[in-house]
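Have a look at the structure below before the remarks.
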There are 2 protein chains.
Amino acid sequence: MSFTYDERIDGALPPVDREALIAALHRLSPTMEVLHEPERLRPYECDGLSAYRTVPLCVVLPETVDEVCAVLELAAKRGVPVVARGAGTGLSGGALPLEKGILLAMSKFNRILEIDASAGIARVQPGVRNLAISQAAAPYGLYYAPDPSSQIACSIGGNVAENAGGVHCLKYGLTVHNILAVDIVTIDGERMTLGAASLDSPGFDLLALFTGSEGMLGVVVEVTVKLLPKPQCQKMLMASFDDVETAGNAVARIIGAGIIPGGLEMMDNLAIRAAEDFIHAGYPVDAAAILLCELDGAASDVDEDLAHVSELLASAGAVEIRIARDEAERLRLWAGRKNAFPAVGRLAPDYYCIDGTIPRRELPGVLKGIAALSDEYGLRVANVFHAGDGNLHPLILFDANRPGELERTEALAGKILELCVAVGGSITGEHGVGREKINHMCVQFSSDEIEFFHAVKAAFDPSRLLNPGKNIPTLHRCAEFGGMHVHHGNVPFRELERF
Amino acid sequence: MSFTYDERIDGALPPVDREALIAALHRLSPTMEVLHEPERLRPYECDGLSAYRTVPLCVVLPETVDEVCAVLELAAKRGVPVVARGAGTGLSGGALPLEKGILLAMSKFNRILEIDASAGIARVQPGVRNLAISQAAAPYGLYYAPDPSSQIACSIGGNVAENAGGVHCLKYGLTVHNILAVDIVTIDGERMTLGAASLDSPGFDLLALFTGSEGMLGVVVEVTVKLLPKPQCQKMLMASFDDVETAGNAVARIIGAGIIPGGLEMMDNLAIRAAEDFIHAGYPVDAAAILLCELDGAASDVDEDLAHVSELLASAGAVEIRIARDEAERLRLWAGRKNAFPAVGRLAPDYYCIDGTIPRRELPGVLKGIAALSDEYGLRVANVFHAGDGNLHPLILFDANRPGELERTEALAGKILELCVAVGGSITGEHGVGREKINHMCVQFSSDEIEFFHAVKAAFDPSRLLNPGKNIPTLHRCAEFGGMHVHHGNVPFRELERF
C-alpha cells in the first residue's frame with residue numbers, strides 16, 4: 001500500500017496527442033460530452049479513496065452504447081488507455097484516472113430499462129444507483145439484495161466492477177450471486193452479453209469472471225439483476241460483551257448453529273463510543289464489543305430464531321441482550337452502525353479503512369493481533385465490521401500532518417492485511433484491490449497465479465488498455481515489493497507468534 | 001448433435017508411440033496403476049452418454065497429487081492429450097476418451113480430508129461421491145446441497161467439471177454456488193488453489209471460471225465445499241392439471257409470489273403413466289401434468305408456505321391438490337420422480353434425454369412447441385423436469401434399430417435446443433456441453449464469443465491438451481455446422497411461427 005502516487009504506470013505509457021484525441025472524440029458523436037478544461041476535470045481526479053489523485057487527460061460522458069463502442073474502438077486504435085468510472089464511491093482507487101488516459105464516466109447511463117416482477121428480474125443501465133433499483137422494485141414487493149454502505153450513491157456498474165457486498169451479503173451473497181447477465185463492450189468496441197436470464201450458461205462462466213474484474217476486461221453497459229421478495233419481517237438484537245474475544249467466539253456459535261442472520265455486525269469499544277457520541281443510537285458505551293444481529297424471514301420463523309440466538313449469545317457470555325422493541329429502535333440501532341465510519345472519522349484528522357477477510361474461527365485471534373499491532377505502531381484502530389462474513393474493516397486513526405504518521409499508517413495497514421492472509425483469509429472482502437492493494441496481491445498470490453491472471457486479462461484485452469495498473473500487479477512490481485507471497489498454513493510471520 | 005463419433009479430433013492429433021508412453025508412465029511412479037490391455041480399457045470407453053464410445057490409449061489411476069502432477073507434466077512434454085474422468089456418470093460425454101489420449105481416472109482420490117462443522121466446510125478429494133459428503137456431514141446436522149439424480153454414484157470432481165445441479169438447485173444453487181475453493185493441477189504439472197475458504201477472493205474469479213469448464217483448464221485434485229444445516233422440516237405437495245400449459249403457468253405464479261420451494265418439478269402424462277407403472281407412487285394417471293412442490297425450512301414457515309402454495313395452485317387451475325400426509329408418502333412421491341428416466345426408458349428400446357433451459361415465463365409456449373415438434377418428427381417425447389428453474393429434460397423415445405429413427409431423434413433434439421435458445425434460454429442446464437452439444441454451442445454463441453472462450457482456454461492450456469474436442473467448438477466446426485447463431489429477441493426460426 002502506498003499513498004504516494006506511483007509514477008511508473010503513467011510514466012511507462014506512450015505520450016498522447018491530447019488535442020488530436022479530443023478532436024477525434026468530438027467527431028465520434030457531436031452530442032457526446034467531452035470534458036477537457038482543467039476545472040471540469042478536477043471532480044474526476046479521484047474516487048472514494050481520495051489519498052490517490054490524478055487528473056485524467058479528458059473525461060468522456062457517453063449516453064448510448066454506440067458511443068461507448070466508438071470511444072473504445074478509437075482508444076484501441078490510438079493505443080490510449082481507458083478507465084471506466086461509475087459513481088466514484090469505490091474505496092480502493094479502482095476508478096483512479098491516468099494522466100495519459102481517457103476517463104469514461106458512465107453517469108448518463110441512468111435508466112431502469114425493465115422490471116419483470118413475475119420473473120424477479122430487472123434490466124438496468126450501469127449508472128443506476130444501487131438503492132434506486134430497490135426503490136423501483138418496491139411497488140412489486142421486491143428488492144435488490146446487495147447493500148453496500150454507499151448504496152444511496154454507488155452505481156450498479158461499479159458494484160459489478162468491484163463485486164460489491166454489504167451488510168446483508170452474509171445471507172444474500174455478493175453482487176456475483178445477485179446478477180444474471182451483463183452486457184459489456186470490449187476494448188475493440190464490440191458489444192457482448194455474458195450470462196443469461198436462465199439457470200446456467202454453457203461454456204466458461206465469463207459472467208463470474210467479469211464480476212469483480214475492476215474494469216480490466218470490458219465496460220459494462222447493461223446489467224440484469226435478480227430481485228428478491230422483501231422479507232415479511234425483520235427483527236434486530238444487540239448483545240454486549242466484556243471483551244472482544246468473547247464476542248468473536250459468539251459469532252462462530254451463531255453460524256455454527258446453522259442460523260444465517262440477515263446481518264451480523266460487530267463494533268469494538270472505540271467504534272461504539274464514537275457512534276454513540278455522533279448518532280445516540282443507544283449503544284452501551286462501556287461495552288468492550290457489541291454484536292448487532294438482524295434476523296429476517298417469515299414472522300414465526302424470525303421469532304423462533306430470535307429466541308435461539310438469544311440463548312446462544314447468553315451461553316456464549318453476552319452481558320446484555322436487547323431486542324429492538326419496534327421498527328424505530330431497529331432503525332436507530334442500524335443508524336449507529338451505518339454511520340460508524342464518519343463517526344470514527346471525528347476522532348482524528350484522518351482515518352484509513354482496511355478491508356480484509358478471515359475465516360470466522362480466526363476472529364478472536366486476529367482481533368487480538370490487531371490490538372497488538374495497534375500498540376506496536378502507536379496508532380488507534382477502531383473495529384466495525386461484518387462479523388458473520390469474517391469481513392474486517394479496521395479503521396486506523398492518524399494525522400497526516402504529523403511527520404511520519406502517514407507512513408506508519410501504511411505500514412500498519414500492510415501488517416494487518418498480511419495477518420489476514422496468514423490465517424487463510426484475503427486482502428479484500430468487498431472493496432476490491434484497485435490501485436490501493438495492488439502490492440498486497442503479491443502477498444496473496446504466487447507468481448504462477450499472477451501469471452494466470454495476466455493470461456486471462458490478455459484474452460480480453462491483449463494491448464492492456466483497460467484500467468492498466470489496477471487489480472493485478474506485474475511480476476516486476478512483486479519482485480520490487482519483496483516477494484512475500486504467504487501460503488496459508490505456512491505462516492512465516494513473526495507477528496503470528498504473539499497471538 | 002451427432003451420435004456418430006467425430007473422427008476429426010483424434011484424426012488431427014499426432015501419432016503417439018504407445019509402448020514408449022506406457023513405459024514412461026510406469027517410470028513416473030512404480031506403484032501407479034496404468035491400464036493398457038484392451039479388456040481393461042473397455043469399461044472406460046464411454047461415460048453416461050453411451051451413444052459415444054472410444055477406447056483410450058491407456059488409463060492411468062493416480063493415488064497422489066504428485067502422481068497427477070507427474071502425469072500431466074509428462075503429457076505436456078510429449079504433447080499427448082489428457083481426458084480426466086470422475087465416476088463416469090456424465091450425460092454429455094465430457095469424459096469421452098480419445099484414442100490417442102490418456103484417460104486420467106480420479107477414482108482413487110476418494111477420501112474426505114476434513115469436516116469443519118463449526119465453519120460449515122468440508123475438504124474432500126475429487127473422487128468422493130456426492131452423496132458420501134452428505135452422509136459424512138449428517139452426524140453434525142449438515143449436508144451438501146447440490147443433488148444430481150446420479151448423486152449416489154457421481155463424484156464431486158465431476159460435479160465441479162460440469163457445474164452439476166439437481167432437484168434442489170432452485171433454492172440452493174448449482175455446484176458453483178456451493179463450493180469455496182478447488183485445488184487444481186495445470187497441464188504443466190503445477191498445483192494451484194482457486195478460491196478460498198473466506199468471503200471473496202481478490203483478482204479475477206478463477207474458481208467460478210473453472211467450475212463447469214469440463215476438464216479443459218486443469219484437473220481437480222481437492223474440493224472445499226460448503227455444508228448447510230439440514231432443513232428442520234420438509235413437506236411435499238402434488239398438484240394435478242388438465243393441461244400442460246396451465247401447469248406451466250402455475251409454476252410462474254408460485255415463483256412470482258416470492259416463494260422459493262426446495263424443489264418444483266413437473267411431469268407430463270407420458271412420464272406420469274410410465275413412473276406410475278414402474279414405481280406405484282400414487283400419481284393420477286389421467287392428469288395431463290403434475291407439479292411436485294417441496295417446501296423446506298422451519299416447521300412453522302413450511303406450513304405457512306404450504307397453505308399459500310395450495311391457494312396459488314387452486315387459483316391457477318389445479319384440479320387436485322394433495323399434501324403428503326407423512327414422510328413415507330413424501331418419499332414415495334419423490335421416488336416416482338427420481339425414477340422417471342428409467343421408467344420412461346421402459347416404453348421404448350431407446351431414449352434420449354435433452355437438457356435445455358428457458359426463462360420460466362416461456363414454459364407454456366415451449367411445452368406446446370415441443371409437442372408440435374414431436375408430432376412433426378413422429379417421435380414420442382416425455383417431459384420430466386425442474387420446472388422452477390425452467391430446466392427442461394425432454395426424453396425422446398426411439399428405436400435405434402429402425403432405419404432413420406436415430407437420425408430423426410438427433411434432428412428433433414437439435415430443434416428442441418434451438419427453440420430453447422430462441423426464447424432466451426440455453427442449450428444446457430446442468431448436464432454440460434461435453435461432446436454431445438458441441439455443435440449447438442454454435443447456435444448459442446457468436447463467433448466473437450467463441451473466440452473469447454478459446455482465448456480463455458489458451459490462458460490455461462495453450463497447447464490444447466486438456467480434453468480437446470469438448471465444450472468449445474472450433475470456428476471451423478461452426479462454419480461446417482451452418483453458422484446458425486441465434487440471438488435472443490431476434491428469432492429466425494420457422495418453428496416459432498407455429499407457437
Side-chain angles (χ1 to χ4, degrees), chain A residues 117-120 141 163 165 174 176-177 190 192 196-206 208-209 211-213 229 252 255-256 258 297-298 300-301 304 357-361 389-391 424-430 432-433 437 441 444-445 448-449 452-453 455-456 458-460 471-472, chain B residues 117-120 141 163 165 174 176-177 190 192 196-206 208-209 211-213 229 252 255-256 258 297-298 300-301 304 357-361 389-391 424-430 432-433 437 441 444-445 448-449 452-453 455-456 458-460 471-472:
Chain A
S118 70
N163 192 18
L174 297 163
V176 69
H177 305 112
E190 308 231 20
M192 248 172 77
S198 60
L199 180 65
D200 186 26
S201 201
F204 303 134
D205 191 347
L206 300 187
L209 179 68
T211 308
S213 66
I255 306 291
S300 51
D301 206 7
E304 207 168 293
T357 62
I358 56 170
R360 275 185 299 267
R361 63 169 172 267
D389 292 315
N391 185 188
S426 81
I427 59 168
T428 175
E430 51 178 13
V433 173
K437 278 170 288 198
M441 287 290 280
Q444 181 95 56
F445 294 104
D448 283 344
E449 290 165 327
F452 265 98
F453 287 139
V456 169
F460 282 76
N471 199 356
I472 312 295
Chain B
S118 70
N163 192 18
L174 298 163
V176 69
H177 304 113
E190 309 229 20
M192 247 173 76
S198 60
L199 179 66
D200 186 25
S201 201
F204 302 134
D205 191 347
L206 299 186
L209 178 68
T211 308
S213 65
I255 306 290
S300 52
D301 206 8
E304 208 169 293
T357 62
I358 55 170
R360 274 186 300 268
R361 62 168 171 268
D389 293 315
N391 185 188
S426 81
I427 59 169
T428 175
E430 52 179 13
V433 174
K437 278 171 287 199
M441 286 291 279
Q444 181 94 55
F445 294 104
D448 284 344
E449 291 165 327
F452 265 98
F453 288 137
V456 169
F460 283 77
N471 199 357
I472 312 295

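Every chain is numbered from 1, with letters handed out A, B, ... down the list of sequences.
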message = Could you check whether any side-chain heavy atom of B:Pro202 comes within less than 4.5 Å of a side-chain heavy atom of A:Lys437, counting everything from C-beta outward?
response = no
key: Side chain / backbone / both / neither for A:Asp301 at chain B, heavy atoms under 4.5 Å   = both
task = Would you please classify the geometry between the B:Phe453 ring and the A:Phe204 ring as parallel, tilted or perpendicular, with 30° and 60° separating the classes?
result = perpendicular
If you compare all heavy atoms of [X] against all heavy atoms of [Y], which two are closest, and at what distance to 0.1 Å?
X        : Y        : result
A:Ala208 : B:Asp205 : O-CB, 3.4 Å
B:Val456 : A:Ala459 : N-CB, 3.8 Å
A:Arg361 : B:Ala119 : NH1-CB, 3.9 Å

message = I'd like to verify something: which residue of A:Gly120, A:Gly432, A:Gly297, A:Gly203 has the highest number of heavy-atom pairs under 4.5 Å with chain B?
response = A:Gly203
inquiry  = How long is the straight-line distance from CZ of B:Phe445 back to CG of A:Leu206, given to the nearest 0.5 Å?
reply    = 7.5 Å
ask   = Atom OG of A:Ser300 and atom CD of B:Glu304: how far apart are they, to the nearest 0.5 Å?
value = 4.5 Å
